[in-house]
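For reference, the structure discussed in these notes is given below.
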Number of protein chains: 2
Amino acid sequence: MFEYQEWKHVFKLDPNKEITPEALDQICESGTDAVIVGGSDGVTIENTVDLLSRIRKHTVPCVLEISNIESITPGFDYYFVPSVLNSQNPDWIVGLHKKAIKEYGHLINWDELVTEGYCIVNPDSKAAKLSEAEADLDNEDVLAYAKMAEHMFRLPIFYLEYSGTYGELDLVKDVSTVLNKTSFFYGGGIKDKEQARTMAQFADTIVVGNIIYEDLEAAISTVKVVKG
Amino acid sequence: MFEYQEWKHVFKLDPNKEITPEALDQICESGTDAVIVGGSDGVTIENTVDLLSRIRKHTVPCVLEISNIESITPGFDYYFVPSVLNSQNPDWIVGLHKKAIKEYGHLINWDELVTEGYCIVNPDSKAAKLSEAEADLDNEDVLAYAKMAEHMFRLPIFYLEYSGTYGELDLVKDVSTVLNKTSFFYGGGIKDKEQARTMAQFADTIVVGNIIYEDLEAAISTVKVVKG
């Protein structure tokens, strides 16, 4: 299934983390809708290409979530481009993107490029620190960013990023009610199938990441409850 | 004509500047496609409502270009919301917008709200100073912002703002070639019909502002050459 709007479950693999061939086979053959390649630090062209080539032995759709310009490589089905709406540094909202378009715009296939409006809500996370996010938000702030993503910028994806911590269910539910055309991605802290099922009630797409490296079996179990 | 995508010529009136009833009649009955109400400083709810009520005696479509939250009032056909893509302060890209949505989101009719991706290219202008724009751009920067507006954020409008100075024709031409779905608004320094005609060759919509207050007849003459 190559339409990201239809994805219910995706795994996120970090090029900077080790994964055995057997574990990668299980992830790719799990029935998940897609594998996203992306991370906060240590992402290089070498480890990105290496992971891509290993995933490409399987038929699962494969996305590069761009974390820096240096690690962009052809061969992915989609390129997800984060714009951190709650960053305090314009580079993370539009600035780095402008530089990339200026340098590589002529190479970009715009049909493969999908902008994610990120809202990072865990102030202690690496992602928040790296992107200088004002992550200490109240629920109304988050809902305002979600509405902004849908209405002001007509973004294809709003990504609520709890980054390592499990989210507040009431807020996730409220966000789901304000998004219609924009797909709602939830990421953060999903460690078992119950948590996956819970968040998948409200988010269009749940992103399962860290648990892959901590408890592969638990990670794999999140697919079936979401995908039925 | 209420479809802003079809507008070729608009006048921009500053609520903070005086205009006689006769001059306003001429502007509104000039055949222009719309009147935009907006300015950089001194815009209040009082002078905005006053100007709105005077324009509303005519049938010309009337837009509020939002410059601050305090001066927003119902009764306009559209609300244009600038997002200054080349600002160095996130408030002007997304921050003030988030605050407004948080406070007034429940009142907003999203169908009337149109986001303008601004690129301000006159470093000496009030607009550039107010919005902390990095306005000293080379042509490739401007083209990158235009592509960003169309592809990354799918904005309805890209607004190239020369703010008081007349633009560089080659750049305006180049911008026109990279925009397809996004409407290209050009603003700045149009003082006579020749300049209007020239910019209208490439911009979808030309915005005529300051000259209204300096030479009304010259301002009025810009309509016919574009709409003729």
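We use all heavy atoms of the structure for the numbers below, so side chains are in, but hydrogens, waters and symmetry mates are not. Worth saying up front: this structure is predicted, and the values here are computed from it rather than measured.
Both the backbone and the side chain of Ile93(B) come within less than 4.5 Å of a heavy atom of chain A. Contacts between Ser87(B) and chain A at a heavy-atom distance below 4.5 Å involve the backbone alone (N, CA, C, O). Residue Asp111(A): no heavy atom, backbone or side chain, is found under 4.5 Å from chain B. For Asn139(A), no part lies near chain B; criterion is any non-hydrogen pair under 4.5 Å. For chain A, no part of Asp91(B) is nearby; none of its heavy atoms comes within less than 4.5 Å.
Inter-residue side-chain proximity for Pro90(A) and Glu134(B) is flagged as unmet; no heavy-atom pair is nearer than 4.5 Å. Using a 4.5 Å heavy-atom threshold, the side chains of Asp138(B) and Lys102(A) count as touching. For the pair Tyr145(A) and Lys98(B), the minimum side-chain heavy-atom distance is below 4.5 Å. For the pair Phe153(B)/Ser83(A), a side-chain contact is recorded, criterion being any heavy-atom separation below 4.5 Å from C-beta on.
Under the 3.5 Å distance criterion, the side-chain polar atoms of Thr115(A) are matched with a main-chain donor or acceptor of Met152(B).
The candidate with the highest count of non-hydrogen atom pairs below 4.5 Å against chain B, out of Val114(A), Asn86(A), Ile101(A), is Ile101(A). No other option in Glu103(B), Glu150(B), Lys99(B), Glu140(B) has as many heavy-atom pairs under 4.5 Å with chain A as Glu140(B). Counting heavy-atom pairs closer than 4.5 Å to chain A, the top-ranked of the candidates Val81(B), Ile108(B), Leu155(B), Asp141(B) is Asp141(B). For the set Pro156(A), Gly105(A), Gly95(A), the count of heavy-atom pairs under 4.5 angstrom toward chain B peaks at Pro156(A).
When the shell of 6.0 Å around NZ of Lys181(B) is examined, it contains 12 or fewer heavy atoms from other residues, nucleotides or ligands. Open room surrounds NZ on Lys173(B); 12 or fewer heavy atoms of other groups in view lie less than 6.0 Å from it.
Atoms CG and NE2, on Leu85(B) and His97(A) in that order, are 11.5 Å from each other to the nearest 0.5 Å. The distance from atom CG of Leu113(A) to atom NZ of Lys147(B), rounded to the nearest 0.5 Å, is 12.5 Å. With values rounded to the nearest 0.5 angstrom, Gln88(A) atom CD is found 8.5 Å from Asn89(B) atom CG.
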